[in-house]
Amino acid sequence: MEDQRAADDLTPRLDELAAGLSDPECDLDDLAEIEEELVAARRRDLIPYLEQHLAAAVEASNWYARHVIARILAETAGHTSFVALLRAYSRNLGDDQDSLSTTLYVLAQEHPAAAREILLPCAVSDDEDLRRAAIWLLGFVPEPADLNLLAHAAQDSDEGIRSAVVGTLGSHGTEQAAVDLLLNLLDDPSPQVRISALSSLGFLQQPRTLLKIRLLANDENPRVRAWVAIALGRFPALEHADPATSAVLDQLAADADPYVRDQASEARQRKPLRS
């Protein structure tokens, strides 16, 4: 009964906070005081109300309210709030979401089995935003069995989902199937996806990928050509000495685009990263 009374007492404070977060004229110092009070209380009976207010903040496209309420919910519910936090995170409200993405990453790392149980069905959801977020987060708790799901997602019509696939594939390291999928994504119609794939392949430094990386030196998009130089610059110096790679870097150093030329020059001087 005492806990229920405490929760009942705090519910109006939560409502006051939510109302204040929707009012552009509200004093932020007053709201911060209520926020800290609710974080310190960690009353689990408030969880349903927090989830309701979080969903309402997202529906209202109020990124700051999402940030504040998500923090209270995470501190109160821990990993049991994962679904609500993931759904809130999946909606693009125009902010960088650094704190919420960090919260999800930490919860996934601390409770990988529980996180994966939630993420796998979300990664094949009909909701594109949720699917994209789940695929991204699977990169922090990867398992080889995910590669079939990622191969399917790599064919998705949504560019953002295909970009998320690239990042998650990078978490699988030099596993052959993952590298093969990254190579296939070099043919993606989106320049940004091709750039992301080049970045991942540059970090992985697999000699068998050099041929296809070099082919993109003729890409119509100058940013893609620049990332060919960046990716090649991450390979060991021995690979730079390869005549075909050297010729591509020479070609890029004479590119019509100044950014491409700069990256080609830096690639020759850059100390390659160790794998």
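Note: hydrogens, waters and symmetry copies are ignored here, and every other heavy atom, side chains too, is used.
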Self-check item: Candidate pair H172 and L181, rule side-chain contact (heavy atoms from CB on, under 4.5 Å), full reasoning
Solution: CA-CA 11 Å; H172 289 263; L181 284 172; over 6 Å; no

Quiz prompt | Stepwise side-chain contact (heavy atoms from CB on, under 4.5 Å) check, D45 with L10 | solution = CA-CA 10 Å; D45 287 337; L10 284 175; over 6 Å; no

Quiz item: Can L31 and V68 be said to form a side-chain contact (heavy atoms from CB on, under 4.5 Å), step by step?
Solution: CA-CA 9 Å; L31 296 182; V68 171; over 6 Å; no

Self-check item: Worked verdict on S199 versus W227 for side-chain contact (heavy atoms from CB on, under 4.5 Å)
Solution: CA-CA 7 Å; S199 178; W227 271 93; 3.6 Å; yes

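Atom CG of L185 is separated from atom CD1 of I195 by 13.5 Å, given to the nearest 0.5 angstrom. Interatomic distance, L150 CG to D156 CG, rounded to the nearest 0.5 Å: 12.0 Å. A distance of 6.0 Å separates CG in L104 from CH2 in W136, rounded to the nearest 0.5 Å. Between W63 atom CH2 and N92 atom CG the span is 13.0 Å, to the nearest 0.5 Å. Interatomic distance, R194 CZ to N221 CG, rounded to the nearest 0.5 Å: 6.0 Å. Atom-to-atom distance recorded for D95:CG and S61:OG is 10.5 Å, nearest 0.5 angstrom.
Applying side chain to side chain contact (heavy atoms under 4.5 Å, CB included) to T209 and the options L186, L183, D180 leaves one that passes, L183. The residue from L73, I69, L85, L46 that alone fulfils the side chain to side chain contact (heavy atoms under 4.5 Å, CB included) condition with E51 is L73. Residue R214 forms a side chain to side chain contact (heavy atoms under 4.5 Å, CB included) with just one option from D242, L249, V228, and that option is D242.
Side-chain contact between V124 and H152 is absent, with no heavy-atom pair separated by less than 4.5 Å. For the pair S246 and R268, the minimum side-chain heavy-atom distance is below 4.5 Å. For the pair S22 and N62, the minimum side-chain heavy-atom distance is below 4.5 Å. Counting only heavy atoms from C-beta outward, the side chains of R87 and L130 approach each other to under 4.5 Å. Using a 4.5 Å heavy-atom cutoff, the side chains of L210 and F235 are in contact. Here the side chains of H53 and D15 are in contact, with some heavy-atom distance below 4.5 Å. Using a 4.5 Å heavy-atom threshold, the side chains of I213 and T245 count as separate. By the 4.5 Å heavy-atom criterion applied to side chains, R208 and V179 are counted as neighbours.
A donor-acceptor distance shorter than 3.5 angstrom exists from the side chain of T168 to the backbone of I135, with no hydrogens or angles considered. Between the side chain of R91 and the main chain of E59, no donor-acceptor pair closer than 3.5 Å is present. A donor-acceptor pair under 3.5 Å is absent between the side-chain atoms of R71 and the main chain of E35, judged by distance alone. A donor-acceptor pair is defined here as one N or O able to donate and one able to accept, closer than 3.5 Å; no such pair exists between the side chain of Q192 and the backbone of S190. Side-chain atoms of S265 never come within 3.5 Å of backbone atoms of R261 as a donor-acceptor pair (strictly under, hydrogens ignored).
Note on V58: it does not cluster hydrophobically with L137, by side-chain heavy-atom contacts below 4.5 Å among ILVMFWY residues. Two different hydrophobic clusters hold L211 and L232 under the rule that ILVMFWY side chains link at heavy-atom gaps under 4.5 Å.
Of the charged side-chain nitrogens involved, none lies within less than 4.0 Å of a carboxylate oxygen, so that E159 and R162 do not count as a salt-bridged pair. Under the 4.0 Å criterion applied to side-chain N and carboxylate O atoms, R131 and D158 are not assigned as salt-bridge partners.
Counting all heavy atoms, side chain and backbone alike, T102 lies closest to D98 at OG1-O, 2.8 Å. The two residues L100 and A88 make their nearest non-hydrogen contact at CD2-C, 4.4 Å. Summarising the geometry of V260 relative to P222, their closest heavy-atom pair is CG2-O, 3.1 Å, with the distance given to 0.1 Å. Of all the heavy atoms in A134 and A123, the pair that sits closest is CB-N, 3.6 Å. Between A231 and L198 the shortest heavy-atom distance is CB-O, 3.5 Å. The two residues T103 and A74 come nearest to each other via the heavy atoms CG2-CB, 3.7 Å.
The neighbour count for F140 CZ, taken as heavy atoms of other residues, nucleotides or ligands under 6.0 Å away, is above 12. More than 12 heavy atoms of other residues, nucleotides or ligands lie within 6.0 Å of CD in E128, so this atom counts as buried by the packing criterion.
Judged purely by distance below 3.5 Å, without hydrogens or angles, the side chains of R225 and Q263 never pair a donor atom with an acceptor atom. In the model, S90 has no side-chain atom that pairs as donor or acceptor with a side-chain atom of R132 under 3.5 Å.
E75 is linked by a salt bridge (Lys or Arg N to Asp or Glu O under 4.0 Å) to R42, counting only residues two or more places apart in sequence or in another chain. Applying the ring pair (Phe, Tyr, Trp, His ring centres under 6.0 Å) test to Y259 and every residue at least two apart in sequence or in another chain returns nothing.
Residue pairs meeting the side-chain hydrogen bond (donor to acceptor under 3.5 Å, both in side chains) criterion with at least one member in residues 108-125, sequence neighbours excluded: R116-D146.
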